[in-house]
Structure formats: structure tokens, C-alpha cells
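See below for the structure under consideration.
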Amino acid sequence: MLIFLDTIDLKAIEKFVQLGIVDGITTNPSLFLHATQAPIKIIKEIIHMFPHGIINVEITEQDHDKAYIQAVKIRELGNNVVVKIPAHDMYLPLIAQLIKKQIPINITLVFSVSQAVLMGKMGVQYISPFVGRLYDNGFDGIEILKNIIQSFALYGFSTKVLAASLRTIDQVNKAIELGVASVTLAPSLLEEICCNQLTEQGIQKFAQDWQAQKENLFI
Ligand code: E4P
């Protein structure tokens, strides 16, 4: 199971890469909104910091030729770079072209089973259903994720499902219980998973009890 960090925050990336918890990074154009450096500079820094990670960078062009050039340039940033492309029909010829060129693709902004199945059939490496945004729009995100995972298993697609836009620990738990191939998590959500309240309370209780029985110290 792969864990991606959904961020361009270099400090967070450094922290979790050093801990060996994450397998890669996902980025999207919105994450660069308040960046203080040029996106390309940040992307190169991420690739440099995480040479063995799978780094996802999204295209922003909509015109076919420009999007093709951009996708190729993104891939040329490194052998570990995956090109993110939205699941929109305007990009279908581009996706087909990039598959022929054996450029790894992550189809982003996936919101339905049929959309996911079409992409799986085309043979992309990853598809990213946006679980949180499905809930934002009144759909059952985990149910749709489940149906995507089941249909991929049924049809034998090699495409990995990457659960994205996960907002709560409960959603992450449910995605894992479904056996999802990969998840992407914002650093704050990953921090939250690492700091379970009951673990915290348990440590405090053990420490109190240990202090209360000084007679029996064995270390
Ligand atoms: C994943 O690739 C996306 O960048 C991310 O999960 C989107 O999450 P959001 O819906 O919270 O913006």
C-alpha cells in the first residue's frame, strides 16, 4: 500500500521522508496558490529531496498541443515523476498519446465509477477518486471508492486506485479497510493519524502509575 503526502510544504516532506512513512508526493495547482517561490523551483526541490519517491505534478494547460508539451516537460523533470491529468474528455487524446509514449499518468478529479473504469481501460497507472469532494457535493465518497476498487478487481485492471481528497481519519480508515492500493494525505491529516488521543492518554496513565509504585523500579 502506497502513502502519498499531498503537499508542497518542503518541511513536512522532509520530516515524513526521513521517517520513511511516505512513498511519494501529490501536488495540484491550488497547492501553489500562496507559494513564495515559483512552482517549478518548488517541484525541482521536491524531486531533489525525494529522489526515490513518486512525485505527481499536474498539467495546467487546456489546449491539446500546449498540454502535450507541458506533460512531456513535466515527465522530463525526472524518471520518478508522474503526470497528473484531470478526467475530462478534452484530455482523452492527450492521455492516449502519453500512454503510447509510456509516460506514467495519474488521472485526477475522478468522481464516478464509470469515469474510473474508462480510465482503467485506457491503461493509466493511477486514478484518483476525490472522496472528500464527493461528500462536499452530497455523494457517498467511500461507497463510490468501494465500487471503483471492486470494479477494478472484477475487470482485472492494473491501474492503482489512489484515494484522494480524504478529509478525516474515519475516511482514511475506511479506504484502508477497502484495501485501496494507495492514499494521499495532507500533512495535517497524517499528523492527526500519528497522534491518537487514546495513545496519548494511555502514556499519561502508565507514567502516573509508574510514579506511584517507586518501590518496584526494575530499570
Ligand atoms: C490529490 O491528488 C489532490 O491534490 C488532493 O487530494 C485534493 O484534495 P482537496 O479536495 O482537499 O483539495
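Predicted model only: the values in this text are computed from it and were never measured. All ligand and atom numbering here is 1-based and tracks the order in the structure.
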Closest protein heavy atom (residue, atom, distance) for atom 7 (C) of ligand 1: Phe130 CE2, 3.6 Å
Atom 6 (O) of ligand 1 has as its nearest protein heavy atom Ser165 N, 2.7 Å
N/O of Asp6 under 3.5 Å from N/O of ligand 1, yes or no? yes
Under a plain distance cut-off of 3.5 Å, with no hydrogens placed, do His88 and Gln62 share a side-chain donor-acceptor pair? no
Do Thr60 and Gln70 have side chains that approach each other closer than 4.5 Å (heavy atoms only, starting at C-beta)? yes
Looking only at side-chain N and O atoms, does Glu58 offer a donor or acceptor that is under 3.5 Å from a partner on Thr27? no
Nitrogen or oxygen of Ser128 less than 3.5 angstrom from that of ligand 1: no
Please report which non-hydrogen protein atom sits nearest to atom 2 (O) of ligand 1, along with the residue it belongs to and the distance in Å to one decimal place. Lys84 NZ, 2.6 Å
Should the pair Tyr155 and Phe157 be assigned to parallel (<30°), tilted (30 to 60°) or perpendicular (>60°) ring geometry? tilted
Enumerated ligand 1 atoms positioned under 4.0 Å from heavy atoms of Ala164: 1 (C), 6 (O)
Are Glu76 and Lys73 ion-paired here, with the side-chain N under 4.0 Å from a carboxylate O? no
Which protein heavy atom lies closest to atom 4 (O) of ligand 1, and at what distance to 0.1 Å? Asn28 ND2, 2.7 Å
Exercise: do Tyr135 and Asp140 side chains pair donor with acceptor under 3.5 Å: yes
Please identify which atoms of ligand 1 are closer than 4.0 Å to at least one heavy atom of Arg133. 9 (P), 10 (O), 12 (O)
Could you tell me if Gln204 and Glu200 have a donor-acceptor pair between their side chains, going purely by distance under 3.5 Å? yes
Tell me whether Thr184 has any N or O atom under 3.5 angstrom from an N or O of ligand 1. no
